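Reviewing the structure listed below.
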Amino acid sequence: MEIKREMMVKQIADPSTLWDLIVVGGGATGLGVAVDAASRGFKTLLLEQSDFAKGTSSRSTKLVHGGVRYLAQGNIGLVIEALRERGILLHNAPHLVRNENFIIPNYSWWSSIFYSVGLSIYDLLAGGRSFGRSRLISKAELIRRIPNIRQEGLKSGVLYHDGQFDDARLAVSLALTAIEKGATLINYFRVTGLTKHLDQVNGVRVTDIETGLHYTCRAKSVINATGVFVDELLGMDAPESRPLVQPSQGIHLVFDQSFLGPHDALMIPKTKDGRVLFAIPWHDRMLVGTTDTPLDAHQLEPRALEEEIRFVLEGAAGYLTRIPTRKDVLSVFAGLRPLAAPQNEKEKTKEISRSHKLMASGSGLITITGGKWTTYRQMAEETVDLAIRTAGLPRRLCQTKTLSLHGYKNAVEWTDPFFVYGSDAAAVKNLSKENPVWKELLNPKLPYIGAEVIWAVRFEMARTVEDTLARRTRALFLDARAAIEMAPAVARLMAGELGKDADWEKEQLVSFGKVAKNYLVDR
Ligand SMILES: Cc1cc2nc3c(=O)[nH]c(=O)nc-3n(C[C@H](O)[C@H](O)[C@H](O)COP(=O)(O)OP(=O)(O)OC[C@H]3O[C@@H](n4cnc5c(N)ncnc54)[C@H](O)[C@@H]3O)c2cc1C
């Protein structure tokens, strides 16, 4: 279905419209809420100030997981919930979630026993939604699977299963699912204020970032799903409110896949300073991360710190024979976890909670933050349930446990670069019949073709060169230099589709260039 922005704007601009729910924020959380609400038949509007998944939701480690680390911390409830959601997501979006082998290398006999037992418990907690049993593997098998593993002192490995996905592509799939269920979703629309009647929030003030026009939209319930930005909306409601969120930055480095191989991921449960490090095969590359750096401020385009880059490089160097260096980094990206801020001095010294926080303010504003990509559906279900109670909406049951997401397709051919489109793949390829030039690769280092740019504009609401290169395709995350090289061709194709002129192309290249610089280690 071709999506016309003008139609979306028309609906938003109509002052007679009363929405059941307005969701602010188009990351995993907000998109999940929009899918849930629309599939229950509620009249739903989602507003995103930038692009869908521009925030944290395109910058994750790309795991659909129960969290082996939370198990080690004894946080069983969180693990059970996430393992259940992992299974549901695999069932509802098999074209985007892959059952991946993860290997923990053991350099002591003690860790062989410890992780074998721990991962057997992990398997048990997954119950009927298991991705496969974990098992102890020999040193020889580990070396066969990951030839580049550091062999000195290696005793054995533990192989377990977890999910692996493409976060920004899942966000697109959720956005399209919500639209198919009747929701209105728009990117580049910023909420700048809340409207109230008798102290109760009854709508939002918004600005169309593309035109600068302002609108007011009315709703029975407003949901604040703005990730690390939640305090700004809470401040619009009650200026004196305490901060709910403390950002913590995590970065990833992307390398050529030859450092790892295409089949198995590496999980380092405890680096020298006690953190977890993953090396994961992702779109023919190796993704390594992450860090956990508390920050005082947040921004939409966070930048990796030099010490974080060093930490990840040193971490990888400790476990690989051919060591990836700075020169090998194809892309670096940073994301911000919306962790719950400590509410008192004592809490500052404890690990800050990773589970989600959901609350209704006295004004009726509902705020949902924290959690994980893996648990977005459960978070959405709880949020819409709370909106029903708070705004007195009709009680309708959640539909998402068995709701297939847009692009649903079984028997996925993971080696086909078009797999991320699921059931749309053939249509994307067919677009080149309109213009054979669209069949050509945009850059020899990446698998993307012109037809995908056209598809992104017509069917996936891409509005800028960055939307196409960072989140509809993942070029910027996979190879920042190649993405910069591709940008002029992408700008030209998009301008043709959007009816824009040469000045627009130039502006796009300048703004994309500024963002893309952040993805190079030597800027
Ligand atoms: C380094 C890192 C690794 C992670 N790895 C994993 C993983 O492997 N697996 C997993 O399950 N989870 C992972 N997570 C967690 C997961 O990515 C997050 O929990 C999730 O993406 C948060 O989504 P969100 O929608 O709450 O926030 P966001 O994605 O940040 O979305 C919030 C959106 O709100 C918009 N917004 C803000 N203010 C306004 C406004 N005024 N008007 C309109 N829109 C507004 C923003 O532009 C943004 O797009 C990871 C997180 C990090 C940081």
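Both ligands and their constituent atoms are indexed starting at 1 by order of listing. Values reported hereafter were calculated over all heavy atoms of this structure, with side chains retained and with hydrogens, waters and symmetry mates removed. If you're wondering where the values come from, they're calculated on a predicted model, not measured in any experiment.
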Going by the order shown, which atoms of ligand 1 are within less than 4.0 Å of some heavy atom of Gly55?
29 (O), 30 (O), 49 (O)
Taking only non-hydrogen atoms of Gly227 and a 4.0 Å limit, the atoms of ligand 1 in range are 26 (O), 27 (O), 32 (C)
Is the shortest distance from a heavy atom of Leu300 to ligand 1 less than 4.0 Å?
yes
Note: Leu47, heavy atoms under 4.0 Å from ligand 1, region reported as backbone
Heavy-atom nearest neighbour in the protein, as seen from atom 12 (N) of ligand 1, with distance rounded to 0.1 Å
Trp373 N, 3.1 Å
Side-chain donor/acceptor pairs under 3.5 Å, residues 19-32, sequence neighbours excluded:
unit_1 : atom_1 : unit_2 : atom_2 : d
Asp20  : OD1    : Lys220 : NZ     : 3.0
Asp20  : OD2    : Lys43  : N      : 2.8

For ligand 1, which is the ligand I care about here, please tell me if Thr374 has any N or O atom under 3.5 Å from one of the ligand's N or O atoms.
yes
The answer for which part of Leu63 has a heavy atom under 4.0 Å from ligand 1 is both
Any nitrogen or oxygen of Glu48, side chain or backbone, less than 3.5 Å from one on ligand 1?
yes
Contacting atoms of ligand 1, where contact means under 4.0 angstrom from a heavy atom of Phe189:
43 (C)
Arg337 versus Gln249, side-chain donor and acceptor atoms under 3.5 Å:
no
Write out the residue and atom name of the closest protein heavy atom to atom 26 (O) of ligand 1, then the distance separating them to 0.1 Å.
Thr29 OG1, 2.7 Å
When distances are taken from atom 31 (O) of ligand 1, the protein heavy atom at minimum range is Gly27 CA, 3.5 Å
Under 3.5 Å between some N or O of ligand 1 and some N or O of Gly371?
yes
Are Glu301 and Arg59 close enough, and set up right, to give a salt bridge (Lys or Arg N to Asp or Glu O under 4.0 Å), and what steps lead you there?
CA-CA 10 Å; Glu301 190 53 59; Arg59 303 153 185 277; 3.0 Å; yes
Classify the contact between Tyr376 and ligand 1 as side chain, backbone, both or neither, using a heavy-atom distance cut-off of under 4.0 Å.
neither
So, are Asp208 and Arg5 salt-bridged, with charged N and O less than 4.0 Å apart?
yes
Top protein contact for atom 5 (N) of ligand 1, by heavy-atom distance:
Thr61 N, 3.0 Å
Taking heavy atoms and a distance under 4.0 Å, where does Ala53 meet ligand 1: side chain, backbone, both or neither?
neither
Using every non-hydrogen atom in the two residues, find where Glu460 and Arg169 come nearest and quote the distance to one decimal.
OE2-NH2, 2.7 Å
Got a donor-acceptor contact below 3.5 angstrom from the Glu308 side chain to the Leu305 backbone?
yes
Step by step, work out the side chain to side chain contact (heavy atoms under 4.5 Å, CB included) result for Trp373 and Val64.
CA-CA 7 Å; Trp373 240 121; Val64 184; over 6 Å; no
Is Val228 in contact with ligand 1, taking contact as a heavy-atom separation below 4.0 Å?
no
Thinking salt bridges, do Arg190 and Glu48 make one under a 4.0 Å N-O criterion?
no
Per-atom contacts, ligand 1 versus Val24 - under 4.0 Å to a heavy atom
40 (C), 42 (N), 43 (C)
Students should be able to answer this: which protein heavy-atom is nearest to atom 41 (N) of ligand 1, and at what distance?
Val191 O, 3.1 Å
Please work out which of Arg337, Arg59, Gln49, Arg86 has its closest non-hydrogen atom nearest to atom 43 (C) of ligand 1.
Gln49
Given Asp167 and Ser60, is the side chain to side chain donor-acceptor pair (under 3.5 Å) satisfied, shown in steps?
CA-CA 7 Å; Asp167 45 13; Ser60 77; 2.9 Å; yes
Minimum heavy-atom separation for Arg86 to His65, with atom names?
CD-CA, 4.2 Å
Near Gly335 (heavy-atom distance under 4.0 Å), the atoms of ligand 1 are 53 (C)
Answer side chain, backbone, both or neither: which part of Phe229 comes under 4.0 Å from ligand 1, heavy atoms only.
side chain
The atoms of ligand 1 lying under 4.0 Å from a heavy atom of Lys62, numbered in the order shown, are 8 (O)
Can you check whether Lys54 has an N/O within less than 3.5 Å of an N/O in ligand 1?
no
Examine Phe102 together with His161 and report whether their ring centres are nearer than 6.0 Å.
no
What I want to find out is whether Arg472 reaches Asp51 closely enough, with some N-O distance under 4.0 Å, to be called a salt bridge.
yes
Taking only Lys NZ, Arg NE, NH1 and NH2, and the carboxylate oxygens of Asp or Glu, determine whether Glu100 and Lys62 approach each other closer than 4.0 Å.
no
Counting only nitrogen or oxygen atoms and a 3.5 angstrom limit, does Asp51 reach ligand 1?
no
Give a yes/no verdict on whether any heavy atom in His252 is under 4.0 Å from an atom of ligand 1.
yes
Please confirm whether Gln249 comes under 4.0 Å of ligand 1, counting heavy atoms of the residue only.
no
Could you tell me the residue and atom name of the protein heavy atom closest to atom 20 (C) of ligand 1, and the distance to it rounded to 0.1 Å?
Ser57 OG, 3.8 Å
Would Arg474 count as a cation-pi partner of Phe477, with NZ or CZ less than 6.0 Å from the six-membered ring centre and within 45° of the ring normal?
yes
So for Pro338, does at least one of its heavy atoms come nearer than 4.0 angstrom to any atom of ligand 1?
no
Before signing off on this row, confirm whether Thr290 and ligand 1 have an N or O atom pair separated by under 3.5 Å.
no
Hey, is ligand 1 close enough to Ala28 that some N/O pair sits below 3.5 Å?
yes
Show the atoms of ligand 1 that are less than 4.0 angstrom away from any heavy atom in Gly250.
1 (C)
His252 vs Phe333 aromatic rings, parallel, tilted or perpendicular, using cut-offs 30° and 60°?
parallel
Check whether the side chains of Tyr519 and Asp479 place a donor and an acceptor atom closer than 3.5 Å, and report yes or no.
no
With a 4.0 Å cut-off, would you call Asp467 and Arg471 a salt bridge?
yes
Please name the pair of heavy atoms, one in Leu330 and one in Leu478, separated by the smallest distance, quoted to 0.1 Å.
CB-O, 3.4 Å
For Phe311, is the NZ or CZ atom of Arg275 found under 6.0 angstrom from the centre of its six-membered ring and inside 45 degrees of the ring axis?
yes
Are any of the N or O atoms of Thr56 closer than 3.5 Å to those of ligand 1?
yes
How about Thr400 and Arg377: does a side-chain donor come under 3.5 Å of a side-chain acceptor?
yes
Heavy-atom gap Phe52 to ligand 1 smaller than 4.0 Å
no
Nearest protein heavy-atom contact for atom 50 (C) of ligand 1: which residue, which atom, what distance?
Ser60 CB, 3.8 Å
Leu336 contact mode with ligand 1 (heavy-atom cut-off under 4.0 Å)
backbone
